[in-house]
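What you see is a predicted model, and the numbers here were worked out from it, not measured in a lab. The analysis underlying the following values was restricted to heavy atoms, covering all of them including side chains, and did not include hydrogens, waters or symmetry mates.
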Amino acid sequence: MRICHVITRPELGGAQLSTLNLISHLPKDDYQVSIITSPNGILKHEFKNLRNVTTYFSHFLIRPANPIVDILALIHICSIYMSKRFKIIHTHSSKAGIIGRWAAFFTKVPVILHTVHGWSFNDYQPLLVKRFYIFLEKLTAAFTAKIICVSKRDIETGLRYKIAPREKFVLIKYGIPLYQFKDSKCDRAGKKRELGINNDDPVIGMISCLKPQKSPLDYIKACIDIYKSMPRVNFLLIGDGALKRRCRSELNKSPLNGRFIFTGWRRDISEILDIIDIAVVTSKWEGLPITIIEALSKGKPIVATDAGGVRELVRDGVTGYITRPGEYKDTSDKILSMLKDRGSFLKMREQASGSIDDSFDIEAMAHNVDNLYRSLA
């Protein structure tokens, strides 16, 4: 069965990692898999070197809306579809989700699927922009066989805005290679030294793309607030992106005195999580943050904003705390309460370690998608 996945950019984000994991774990004897993406992104080589997968790079797949470039992307993707005669098109991310599905419609691909890794519209957009994206999602959903959502919250949002009828939505949770996280053996002291941490003080960390959605400046402000009350704490920010310069500027004005370490993108997330005591998410909107699944699988308590499907992962007051988006003081207060109450912290750590079961394993996700493909094809 010929299948083609389409995703906008090969960034080091949850949607991209999930797509890579899925493609790698589909039954090799049953599918002939291709993927279309932009040539610009840190995961370019991972996408290019996928075993038994044909990768097509389209220079026209860019994130900002650009009518001329987007039309060129549509034409380019249509040409790839027509030459390969795919049975199923499976799109990911907002831009590729619209363009990839319309290309499939124009070239009469039998089955069209889309995974929502967080909707293209949100409450932080101007009203007219939000309404335009809702209109586009409705129009495109009309010829989409199934819309896969990674959280119940995304299904509820799709129904609330009447994107599609309930029967079109399917819940398939993110899967990660759990064995890589639960069975890792990290030299914690060595990893700390590698990152420049030369003490035994607590480590607070956030793993995130540095873009407005993730609100990394709220994390930095929360860290400054914590430092004023508890200077013997280390802070990590793992990631890169459009807000990198603003983040560095904010840090240069801060009093953190070398206690804040900005690592950029890292490939050793499992090992870095071993040295983190509390994992933080400050997103304004979300689908289902894959970093929370990774951190909980390591037994790390979470402090995360109430965005997307966060409540489906974090039990407030049990495996961590849920805070208000955009309220960095709420984030810092919850982290401080955890740091000051060792007994509560240890209980949360114990609860966190048992909260991620095999339903979050990549094999489970691949199995569910495989069944969906078969039922539709």
**Request:** Please name all residues satisfying side-chain hydrogen bond (donor to acceptor under 3.5 Å, both in side chains) with H114, sequence neighbours left out, ordered by chain then number.
**Result:** T91
**Asked** Do T115 and H90 pass the side-chain hydrogen bond (donor to acceptor under 3.5 Å, both in side chains) test, and can you show the C-alpha distance, the side-chain angles, and the key distance before you say yes or no?
**Response** CA-CA 7 Å; T115 293; H90 186 165; 2.7 Å; yes
**Asked** Which residues, ordered by chain and number, are linked to Y328 in its hydrophobic cluster, where ILVMFWY side chains connect at heavy-atom gaps below 4.5 Å, directly or through other members?
**Response** none
**Prompt:** Distance from C223 atom SG to K228 atom NZ, nearest 0.5 Å?
**Reply:** 12.5 Å
**Item:** Atom CZ of R166 with >12 non-hydrogen neighbours under 6.0 angstrom
**Value:** no
**Hydrophobic cluster identity match, L22 and V170, side-chain contacts under 4.5 Å** = yes
**Fill in**
Closest non-hydrogen contact found for S355 with T319 is CB-CG2, 4.2 Å
**Pairs satisfying salt bridge (Lys or Arg N to Asp or Glu O under 4.0 Å), at least one member in residues 132-158, at least two apart** = R101-E137
**Prompt:** Are I293 and V280 grouped together when hydrophobic residues (ILVMFWY) are joined by side-chain heavy atoms under 4.5 angstrom apart?
**Reply:** no
**Prompt:** Mind checking whether K300 and I278 have side chains closer than 4.5 Å, heavy atoms only?
**Reply:** no
**Set of residues satisfying side-chain hydrogen bond (donor to acceptor under 3.5 Å, both in side chains) with respect to R246, sequence neighbours excluded** = none
**Message:** Quick one, T323 with D330, criterion side-chain hydrogen bond (donor to acceptor under 3.5 Å, both in side chains). Give me CA distance, side-chain angles, the key distance, then yes/no.
**Reply:** CA-CA 6 Å; T323 63; D330 195 16; 4.6 Å; no
**Message:** So, using side-chain hydrogen bond (donor to acceptor under 3.5 Å, both in side chains) as the criterion, who are the partners of E286 when residues are at least two apart?
**Reply:** K214, S283
**Message:** Quick check for you: to the nearest 0.5 Å, what is the distance between S249 atom OG and L243 atom CG?
**Reply:** 11.5 Å
**Asked** Partners of E271 by side-chain hydrogen bond (donor to acceptor under 3.5 Å, both in side chains), sequence neighbours excluded?
**Response** K191
**Request:** Considering only NZ, NE, NH1 and NH2 on the basic side and carboxylate oxygens on the acidic side, decide whether K284 and D123 come within less than 4.0 Å.
**Result:** no
**Prompt:** When clusters are formed from ILVMFWY side-chain contacts under 4.5 Å, directly or step by step, what else is grouped with I71?
**Reply:** I75
**Message:** With a sphere of 6.0 Å drawn around CD of E194, does it hold more than 12 non-hydrogen atoms of other residues, nucleotides or ligands?
**Reply:** yes
**Item:** Separation between OG of S254 and CD1 of I224, rounded to the nearest 0.5 Å
**Value:** 4.5 Å
**Message:** Going by the rule side chain to side chain contact (heavy atoms under 4.5 Å, CB included), which residues pair with S83 if we only count those two or more places apart in sequence or in a different chain?
**Reply:** none
**Item:** Pair D333 + K329, salt bridge at N-O below 4.0 Å
**Value:** yes
**side-chain hydrogen bond (donor to acceptor under 3.5 Å, both in side chains) contacts touching residues 48-60 (sequence neighbours left out)** = S58-H76
**Asked** Looking only at heavy atoms, which two atoms of D370 and P27 are closest? And how far apart?
**Response** OD2-CG, 3.8 Å
**Message:** Is it the case that over 12 heavy atoms from other parts of the model lie below 6.0 angstrom from the NZ atom of K28?
**Reply:** yes
**Message:** Quick one about T282 and T305 (side-chain donor to acceptor, distance below 3.5 Å, no hydrogens or angles considered), yes or no?
**Reply:** no
**Item:** Ring centre gap for F143 and W102 strictly below 6.0 Å
**Value:** yes
**Request:** Could you label the plane-to-plane angle of the Y81 and F86 rings as parallel, tilted or perpendicular, counting under 30° as parallel and over 60° as perpendicular?
**Result:** perpendicular
**Message:** Using 0.5 Å steps for rounding, measure from the OG1 atom of T331 to the CG atom of D218.
**Reply:** 7.0 Å
**Prompt:** Is a side-chain donor-acceptor pair under 3.5 Å present for H25 with N21?
**Reply:** no
**Request:** Fit a plane to each ring of Y174 and H117, take the angle between them on a 0 to 90° scale, and name the class: parallel (under 30°), tilted (30 to 60°) or perpendicular (over 60°).
**Result:** parallel
**Asked** Looking at the rings of Y373 and Y31, which for Trp means the six-membered one, are their centres under 6.0 Å apart?
**Response** yes
**Request:** Sequence neighbours left out, what passes salt bridge (Lys or Arg N to Asp or Glu O under 4.0 Å) with R259? Give chain and number order.
**Result:** D201
**Request:** Determine the minimum heavy-atom distance between C247 and L210, stating which atoms define it.
**Result:** SG-CD1, 4.5 Å
**Request:** Show the numbers, then the answer: is there a salt bridge (charged side-chain N to carboxylate O under 4.0 Å, His left out) between R324 and D306?
**Result:** CA-CA 6 Å; R324 297 182 298 276; D306 190 4; over 6 Å; no
**Message:** Are I172 and I155 linked, directly or through intermediate hydrophobic residues, by side-chain heavy-atom contacts shorter than 4.5 Å (ILVMFWY only)?
**Reply:** no
**Prompt:** Does atom CZ of R315 have more than 12 heavy-atom neighbours, drawn from other residues, nucleotides or ligands, at distances under 6.0 Å?
**Reply:** no
**Asked** Is it true that F57 and I62 fall in one hydrophobic cluster, defined by side-chain heavy atoms closer than 4.5 Å?
**Response** no
**Prompt:** If you draw a 6.0 Å radius around NZ in K211, do more than 12 non-hydrogen atoms from other residues or ligands fall strictly inside?
**Reply:** yes
**Asked** Does CZ in F345 sit with more than 12 non-hydrogen atoms of other residues, nucleotides or ligands closer than 6.0 Å?
**Response** yes
**Message:** Quick check on the hydrophobic clustering: are V111 and I148 connected, directly or via other members, by side-chain heavy-atom contacts under 4.5 Å?
**Reply:** yes
**Message:** What's the separation between atom CD1 in I176 and atom CD in E363, rounded to the nearest 0.5 Å?
**Reply:** 13.0 Å
**Request:** Could you tell me which non-hydrogen atom of L339 sits nearest to which non-hydrogen atom of P202, and how far apart they are?
**Result:** CD2-CB, 3.8 Å
**Request:** Would you sort out whether R63 and E11 count as a salt bridge (charged side-chain N to carboxylate O under 4.0 Å, His left out), showing the intermediate values?
**Result:** CA-CA 11 Å; R63 175 149 290 136; E11 297 172 324; 2.9 Å; yes
**Asked** Which residues pass the salt bridge (Lys or Arg N to Asp or Glu O under 4.0 Å) test with D240, sequence neighbours left out?
**Response** K244
**Prompt:** So with a 6.0 Å cut-off around NZ of K182, is the heavy-atom count from everything else above 12?
**Reply:** yes
**Request:** Name all residues meeting the salt bridge (Lys or Arg N to Asp or Glu O under 4.0 Å) criterion together with R2; count only those two or more places apart in sequence or in a different chain, and write none if there are none.
**Result:** none
**Asked** Does the salt bridge (charged side-chain N to carboxylate O under 4.0 Å, His left out) test come out yes or no for D70 and K95, once each step is laid out?
**Response** CA-CA 9 Å; D70 292 345; K95 172 68 79 70; 2.9 Å; yes
**Prompt:** For F360, which of D357, I362, D358 qualifies under side-chain contact (heavy atoms from CB on, under 4.5 Å)?
**Reply:** D357
**Asked** What's the shortest heavy-atom distance between M365 and K173, and which atoms?
**Response** CG-O, 3.5 Å
**Request:** Find the distance between OG1 (T140) and CZ (F105) and round it off to the nearest 0.5 Å.
**Result:** 10.0 Å
**Request:** List the steps, then state whether side-chain hydrogen bond (donor to acceptor under 3.5 Å, both in side chains) holds for K44 with T37.
**Result:** CA-CA 9 Å; K44 173 183 176 179; T37 188; over 6 Å; no
**Message:** Give me the atom names and distance for the closest heavy-atom approach of G158 to W119.
**Reply:** CA-CZ2, 3.7 Å
**Message:** A quick test of your reading: do over 12 heavy atoms of other residues, nucleotides or ligands sit less than 6.0 Å from CD1 of I68?
**Reply:** no
